[in-house]
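Worksheet: the structure to be examined is printed underneath.
We're numbering straight along the sequence, starting at 1. Remember, it's 1-based here, ligands and their atoms both numbered in the order they're listed.
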Amino acid sequence: MVKQRVLSGVQPTGNLHLGNYLGAIRNWVEGQSQYENFFCVVDLHAITAPHDASTLAENTYKIAALYLACGIDLQYSSIFVQSHISAHSELTWLLNCITPLNWLEDMIQFKEKAVKQGENVNTGLLDYPVLMAADILLYQADKVPVGEDQKQHLELTRDIANRFNYQFCREKPVLKLPEPLIRAEGARVMSLTDGTRKMSKSDPSDMSRINLLDTPDQIQNKIKRCKTDSVRGLTFDDSERPEARNLLTLYMVLSGKTKEEVAAECQDMGWGQFKPLLTETTINALKPIQEKYQAVMDDKGYLESVLRDGRQKAEAIASITLAQVKAALGYSVPL
Ligand code: TRP
């Protein structure tokens with residue numbers, strides 16, 4: 001039986017944190033044997049906001065190493081860097097020319113980021129979703145694991161593919177329409193400083209998140225100072241207590257205990273008793289990831305060979321799709 005293909009990507013901006021891991025990457029890892037997977041470091045997306053040229057390459061390697069450290073298995077998955085495959089940029093241009101401008105102007109993320117970036121909004125930020133569509137459509141992906149915030153971009157990807165197929169492929173569609181891959185128990189991890197907001201890379205305060213590469217001291221300090229409430233006894237299901245729910249959920253997921261076990265264990269605890277427990281559990285859960293990460297980063301040759309392999313596998317597929325798209329658009333084949 002041919003496996004369905006999964007594609008996803010992470011930008012090499014900022015550090016990966018527990019929200020990225022528990023909400024996304026851990027799910028990729030758990031499901032990976034069922035699919036043929038392509039995991040991409042989307043470094044072309046990373047320059048849609050002002051970026052630091054001196055750290056871009058290093059951050060790209062870091063994300064690739066973290067993929068491996070989190071358990072991406074090369075038996076089932078390929079890891080590659082978006083900018084290493086020029087078909088991403090080329091397909092973006094071709095798709096740009098069939099994408100109505102107002103589709104892009106309507107994207108929620110564009111509007112939000114444009115406000116944040118103020119004077120500094122570049123054309124790439126508007127075009128970001130077309131590049132993401134190219135990432136997905138080049139590989140004829142069946143499934144794309146996406147969080148809530150990326151659903152609209154996946155819908156747009158389907159709209160672009162549909163429009164392309166309709167306008168240029170009357171006989172047989174060239175582009176496959178991808179489906180979202182939504183898994184039942186992806187944990188939604190909230191900010192440590194506000195239990196009603198998602199843990200996020202772009203929060204200006206590093207105290208709001210636990211990064212996968214934080215040291216034990218940093219983890220301890222962040223949990224010690226995180227927002228709590230003044231109620232005694234801890235419970236998951238009080239909507240007035242978002243911080244309690246978030247921290248208990250973190251403890252549950254990182255310890256591997258069930259909700260019932262955690263609820264029973266913590267029902268009479270105060271924060272002073274719970275915080276050291278969560279600290280220790282977090283440090284222990286991240287330790288194997290951090291060790292694997294260090295081992296990979298210490299062996300640059302290995303990491304480069306993983307990315308070269310990934311690039312070859314990805315390019316073989318991408319180049320076919322790109323050629324089909326160009327043929328459908330009527331381009332001449334170079335002699
Ligand atoms: N836009 C995605 C995010 O910020 C990253 C991304 C780029 C992506 N290309 C992709 C995700 C293709 C899935 C598939 O999370």
Side-chain angles (χ1 to χ4, degrees), residues 4-17 19-28 31-32 35-49 51 56 59-60 63-64 66-67 72 77-85 87-89 91-92 95-96 99 104 107-114 116-117 124-161 175-183 186 188-189 198-203 209 310 314 317-318 321:
Q4 287 200 321
R5 191 174 289 151
V6 162
L7 180 129
S8 199
V10 169
Q11 289 192 50
T13 45
N15 283 315
L16 286 187
H17 52 68
N20 301 126
Y21 177 58
L22 298 174
I25 299 177
R26 206 177 57 139
N27 294 330
W28 304 355
Q32 67 184 325
Y35 298 102
E36 179 195 16
N37 311 276
F38 287 87
F39 297 120
C40 176
V41 185
V42 291
D43 56 348
L44 297 172
H45 281 102
I47 66 165
T48 56
H51 83 289
L56 180 61
N59 286 339
T60 300
I63 299 290
L66 276 171
Y67 281 172
I72 296 297
S77 307
S78 301
I79 299 174
F80 68 97
V81 177
Q82 185 188 34
S83 68
H84 290 178
I85 301 182
H88 290 253
S89 303
L91 183 61
T92 300
L95 297 179
N96 274 339
T99 303
L104 300 180
M107 291 289 112
I108 295 165
Q109 195 175 75
F110 170 70
K111 290 194 251 185
E112 285 174 0
K113 288 192 182 177
K116 266 196 219 152
Q117 292 185 23
L125 187 69
L126 179 69
D127 205 25
Y128 177 117
V130 182
L131 178 59
M132 179 163 161
D135 297 341
I136 296 167
L137 299 173
L138 270 179
Y139 299 94
Q140 308 282 10
D142 297 283
K143 296 262 156 70
V144 180
V146 281
E148 214 34 64
D149 61 324
Q150 295 298 316
K151 268 199 190 144
Q152 196 184 31
H153 290 161
L154 190 60
E155 266 311 306
L156 181 88
T157 301
R158 292 168 56 88
D159 290 343
I160 292 173
L175 298 174
K176 182 175 268 181
L177 299 196
E179 307 270 348
L181 180 59
I182 297 160
R183 291 194 175 88
R188 195 169 148 81
V189 180
K198 247 180 91 173
M199 187 176 281
S200 159
K201 275 185 191 177
S202 55
D203 190 314
R209 60 187 160 256
I317 300 168
T321 308

Out of all atoms in ligand 1, which are within 4.0 Å of some heavy atom of [X]? Include the element for each.
X	value
His45	7 (C), 9 (N)
Leu7	12 (C), 14 (C)
Val144	13 (C), 14 (C)

Classify the ring geometry between Phe39 and Trp28 as parallel (under 30°), tilted (30 to 60°) or perpendicular (over 60°). parallel

Do NZ/NE/NH1/NH2 and the carboxylate oxygens of Glu36 and Arg5 come within less than 4.0 Å?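 Between Arg5 and Glu36 there is a salt bridge, with a charged N closer than 4.0 Å to a carboxylate O.
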
Are the aromatic rings of Tyr139 and His88 close, with centres under 6.0 Å apart? yes

Could you check whether any side-chain N or O of Arg209 sits under 3.5 Å from a backbone N or O of Asp203, counting only pairs where one atom can act as donor and the other as acceptor? yes

Is the backbone of Gln11 close enough, under 3.5 Å, to the side chain of Lys201 for a donor and an acceptor to pair up by distance? yes

Ligand 1 to Gln150 polar contact by distance, N or O atoms, under 3.5 Å: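 Yes, at least one N or O pair falls under 3.5 Å.
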
Any nitrogen or oxygen of His153, main chain or side chain, under 3.5 Å from a nitrogen or oxygen of ligand 1?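 So ligand 1 has no N or O lying under 3.5 Å from an N or O of His153.
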
Considering heavy atoms of the protein only, find what lies nearest to [atom] and give residue, atom and distance to 0.1 Å.
atom	value
atom 4 (O) of ligand 1	Tyr128 OH, 3.0 Å
atom 5 (C) of ligand 1	Gly9 O, 3.6 Å
atom 9 (N) of ligand 1	Asp135 OD2, 2.7 Å

Going from CG on Leu131 to NE2 on His45, what distance comes out if it is rounded to the nearest 0.5 angstrom? 3.5 Å

Name of the residue among Thr92, Asn96, Thr99, Thr48 meeting side chain to side chain donor-acceptor pair (under 3.5 Å) with Asp127: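 Exactly one option meets the side chain to side chain donor-acceptor pair (under 3.5 Å) with Asp127, and it is Asn96.
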
Within-shell test, Ile136 vs ligand 1, heavy atom, strictly < 4.0 Å: yes

